[in-house]
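Only a predicted model underlies this, so the values are computations on that prediction, with no experimental measurement involved. Proteins come first, then strands; the chains are lettered A, B, ... in the order of their sequence lines, and each starts at number 1.
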Number of protein chains: 2
Amino acid sequence: MEATKKTNNINPTVSVDCVVFGFDGSDLKVLLVQRDLRDNLDIDDDTLVLPGDLIFEDEDILDAASRVLLDLTGIDNLFLEQIGAFGNLDRLSKDKDKIWLDLVRPTPDSRVITIGYFALVNIKNYTIKPAGFAKHVIWKDFNEVGELGFDHNDILSAAIIKLRNKLYHEPVGFKLLPNQFPLNHLYTLYNTILNSKLDRRNFLRRILKTGFLKETDNFQEGVPHKPARLYTFVEKKFTNDNNQKFKFY
Amino acid sequence: MEATKKTNNINPTVSVDCVVFGFDGSDLKVLLVQRDLRDNLDIDDDTLVLPGDLIFEDEDILDAASRVLLDLTGIDNLFLEQIGAFGNLDRLSKDKDKIWLDLVRPTPDSRVITIGYFALVNIKNYTIKPAGFAKHVIWKDFNEVGELGFDHNDILSAAIIKLRNKLYHEPVGFKLLPNQFPLNHLYTLYNTILNSKLDRRNFLRRILKTGFLKETDNFQEGVPHKPARLYTFVEKKFTNDNNQKFKFY
DNA sequence: AAACTTAGTGTAAAATATACACTTTGAGAA
DNA sequence: TTCTCAAAGTGTATATTTTACACTAAGTTT
């Protein structure tokens with residue numbers, strides 16, 4: 001998908017913001033962009049924010065979210081799911097945010113409602129290429145995220161809650177891992193995200209019993225210990241009906 | 001809360017729509033309004049839609065949803081929860097919808113993104129008073145809802161999914177019942193909404209074990225059979241941590 | 001008083017969840 | 001080559017939860 005910029009056709013009242021989660025094998029990461037000013041104006045603003053932007057008048061909201069991620073990071077074709085709408089009246093009123101808006105937005109004082117999206121990616125699939133108004137795009141440790149710009153901490157909070165709920169009820173953990181992975185990575189992922197210390201044997205038994213994992217003939221390489229067998233995720237029909245029956249933890 | 005109309009200050013690009021569920025003892029109901037034209041223009045439009053309206057520029061989205069329900073139905077101070085944002089490009093493009101918009105909206109062709117909210121009420125607490133642009137406000141049997149205006153069937157679908165999920169994991173069923181109720185009403189409510197036929201004895205045991213129900217000394221009156229004991233809902237601290245542990249079905 | 005209708009109640013068997021620890025295997029160091 | 005280290009891989013017994021299932025009690029109406 002190539003983004004078609006029609007800057008004369010911006011909807012100044014609605015934006016999208018994306019929470020992209022990744023997992024590096026031991027920590028949960030969030031994709032953040034360091035806000036910079038177009039044209040390299042001489043303003044020091046290293047505030048971290050979620051990747052996001054105003055939508056265009058004739059653009060579907062979901063498409064807008066995709067476009068933002070593509071433009072800003074080179075990440076394309078991602079499964080995005082809506083978190084919700086965030087429309088607090090004061091969501092753009094921090095001093096630093098106002099300075100940034102004044103310099104970047106055509107109508108800086110416009111009241112903007114933003115729609116949050118979230119996505120799960122295998123962190124190694126993506127070499128991030130900053131572009132647009134992002135000086136840097138970084139994977140930030142979820143637990144080390146400080147104060148973000150705008151109301152983005154609120155959006156992030158909503159996203160982590162959604163992620164934890166999904167992890168319980170849907171086969172989504174796999175999306176954070178490479179195509180083939182040792183079971184222990186999945187186990188660590190669950191413990192990390194859920195902030196828990198699950199019983200290892202019980203976890204492995206349960207996760208195998210779901211039928212979403214298939215063993216491969218491949219093993220870990222380059223590890224200084226017995227290499228673990230690699231497993232792969234099996235796409236099965238998973239409907240919302242199953243939703244309540246399945247437990248993945 | 002008194003609604004303050006500042007019609008010169010409307011945000012023509014964002015609206016709210018509310019899905020209000022009620023339960024009459026045997027069926028799940030949805031609050032719908034029959035669209036009419038202001039000033040009684042001579043147009044025949046009895047399309048049913050969810051109660052909703054454009055928001056004001058300086059109005060919080062949630063407040064807007066409250067205002068709509070108050071203005072349109074007299075229902076005040078309701079617990080509303082966001083469903084999500086609906087922004088399909090074609091969501092206002094049905095012929096009938098366009099006619100209505102042309103006659104009623106200041107900028108009828110504006111692209112509008114709507115935020116859906118949902119609420120649960122005890123149907124008997126509310127004598128509905130139609131007002132504003134609603135000719136009739138009615139409780140419609142959920143299973144008999146036909147084609148609604150705009151994209152309101154989509155919003156309703158999202159709402160029922162949310163309701164079913166909540167019913168499993170949170171103590172919300174009580175909100176659809178009067179203050180005191182016999183256990184069988186709760187049982188029927190679950191079966192109706194979940195489209196299931198739960199084992200009655202097991203259901204009663206489980207629901208009592210949650211600790212959210214307290215028996216009263218009152219009994220049903222005017223029933224042509226043994227009157228059942230009435231129970232009442234006990235507010236307990238219920239956090240999202242419990243969320244996963246609790247089962248209400 | 002008989003018939004009807006819903007209320008109210010217990011138990012046994014099956015399935016699931018939990019707690020728990022030792023052996024195996026390959027890599028790397030001695 | 002063997003020793004050590006680190007994580008892989010694996011089973012069982014107990015507790016808890018879920019499920020399936022049917023009769024008696026009580027008030028109303030006829």
Side-chain angles (χ1 to χ4, degrees), chain A residues 23-27 167-169 177-178 180-192 194 196-232 241-249, chain B residues 23-27 167-169 177-178 180-192 194 196-232 241-249:
Chain A
F23 183 71
D24 70 358
S26 63
D27 290 303
L167 216 49
Y168 278 112
H169 299 300
L177 296 174
Q180 302 200 353
F181 53 86
L183 293 182
N184 237 35
H185 284 197
L186 191 58
Y187 173 64
T188 307
L189 185 156
Y190 268 77
N191 275 324
T192 303
L194 298 176
S196 60
K197 200 172 166 74
L198 304 169
D199 181 277
R200 192 164 134 272
R201 276 186 285 186
N202 293 337
F203 174 83
L204 295 178
R205 180 180 19 236
R206 278 250 290 257
I207 209 81
L208 284 172
K209 210 178 53 180
T210 64
F212 281 100
L213 288 172
K214 196 174 70 194
E215 65 174 37
T216 70
D217 294 330
N218 306 325
F219 291 80
Q220 278 183 305
E221 280 170 30
V223 288
H225 56 76
K226 176 177 176 180
R229 182 183 288 278
L230 301 181
Y231 284 74
T232 188
D241 308 346
N242 301 111
N243 217 328
Q244 303 305 333
K245 304 287 177 184
F246 263 106
K247 293 259 202 69
F248 290 94
Y249 61 104
Chain B
F23 183 72
D24 70 357
S26 63
D27 290 304
L167 215 49
Y168 278 112
H169 299 300
L177 296 174
Q180 302 199 353
F181 52 88
L183 292 182
N184 237 36
H185 284 196
L186 191 58
Y187 172 65
T188 307
L189 185 156
Y190 268 76
N191 275 325
T192 303
L194 298 178
S196 59
K197 199 172 166 74
L198 303 170
D199 182 277
R200 190 165 135 268
R201 274 185 286 186
N202 293 338
F203 174 83
L204 295 177
R205 181 181 18 238
R206 276 250 290 258
I207 209 83
L208 284 171
K209 211 178 53 179
T210 65
F212 281 100
L213 288 172
K214 196 173 72 193
E215 66 173 38
T216 71
D217 294 330
N218 307 324
F219 291 80
Q220 277 181 307
E221 278 170 29
V223 288
H225 55 77
K226 175 176 177 181
R229 182 183 288 277
L230 300 181
Y231 284 75
T232 188
D241 308 347
N242 300 111
N243 216 328
Q244 303 305 332
K245 305 288 178 184
F246 262 106
K247 293 254 201 74
F248 290 93
Y249 62 105

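Annotation: side chain of A:E215 is not in contact with side chain of A:L230 (no heavy-atom distance under 4.5 Å). Residues B:Y187 and B:L198 have side chains in contact (heavy-atom distance under 4.5 Å, counting atoms from C-beta outward). B:R201 is listed as a side-chain neighbour of B:D199, based on a closest heavy-atom distance under 4.5 Å. Counting only heavy atoms from C-beta outward, the side chains of A:F181 and A:L213 approach each other to under 4.5 Å. Taking the side chain as every heavy atom from C-beta outward, B:F203 and B:N191 never approach each other to under 4.5 Å.
The distance from atom CZ of A:F219 to atom P of D:dA6 is 22 Å, rounded to the nearest whole Å. Rounded to whole Å, the distance from CG on A:L230 to P on D:dG9 is 9 Å. A:K197 has its NZ atom 16 Å from the P atom of C:dT18, to the nearest Å. Atoms CZ (B:F203) and P (D:dC21) sit 20 Å apart, rounded to a whole Å. At whole-Å resolution of the value, NZ in B:K247 and P in C:dT16 are 11 Å apart. D:dC23 atom P lies 10 Å from atom CZ of B:R201, rounded to whole Å. Distance, A:Q220 CD to C:dA27 P: 11 Å, rounded to whole Å. Atom OH in B:Y187 sits roughly 16 Å away from atom P in C:dT9 (whole-Å rounding).
Considering only side-chain atoms of A:H225, the nucleotide from C:dT18, C:dA21, C:dG26 that sits closest is C:dG26. Of the candidates C:dT6, C:dT24, C:dC20, the closest approach to any side-chain atom of A:K226 belongs to C:dT24. Listed nucleotides C:dA17, C:dC20, C:dG8 differ in distance to B:A228; the shortest reach to its side chain belongs to C:dG8.
At a cut-off of 3.5 angstrom, counting only N and O atoms as typed in the model, there is a donor on one side and an acceptor on the other between the side-chain of B:N202 and the base of D:dA20. Interface remark: the B:R200 side chain does form a donor-acceptor pair with the C:dG8 base, using a distance-only criterion of under 3.5 Å.
For the OP1/OP2 pair of D:dA7 and a distance below 4.0 Å, the side-chain nitrogens and oxygens of A:N184 include no atom meeting the criterion.
Heavy-atom distances to DNA chain C give each of B:L183 and B:R205 a nearest nucleotide, and the one nearer the 5′ end belongs to B:L183. Both A:P224 and A:K209 lie close to DNA chain C; mapped to their nearest nucleotides by heavy-atom distance, the more 5′-ward contact belongs to A:K209.
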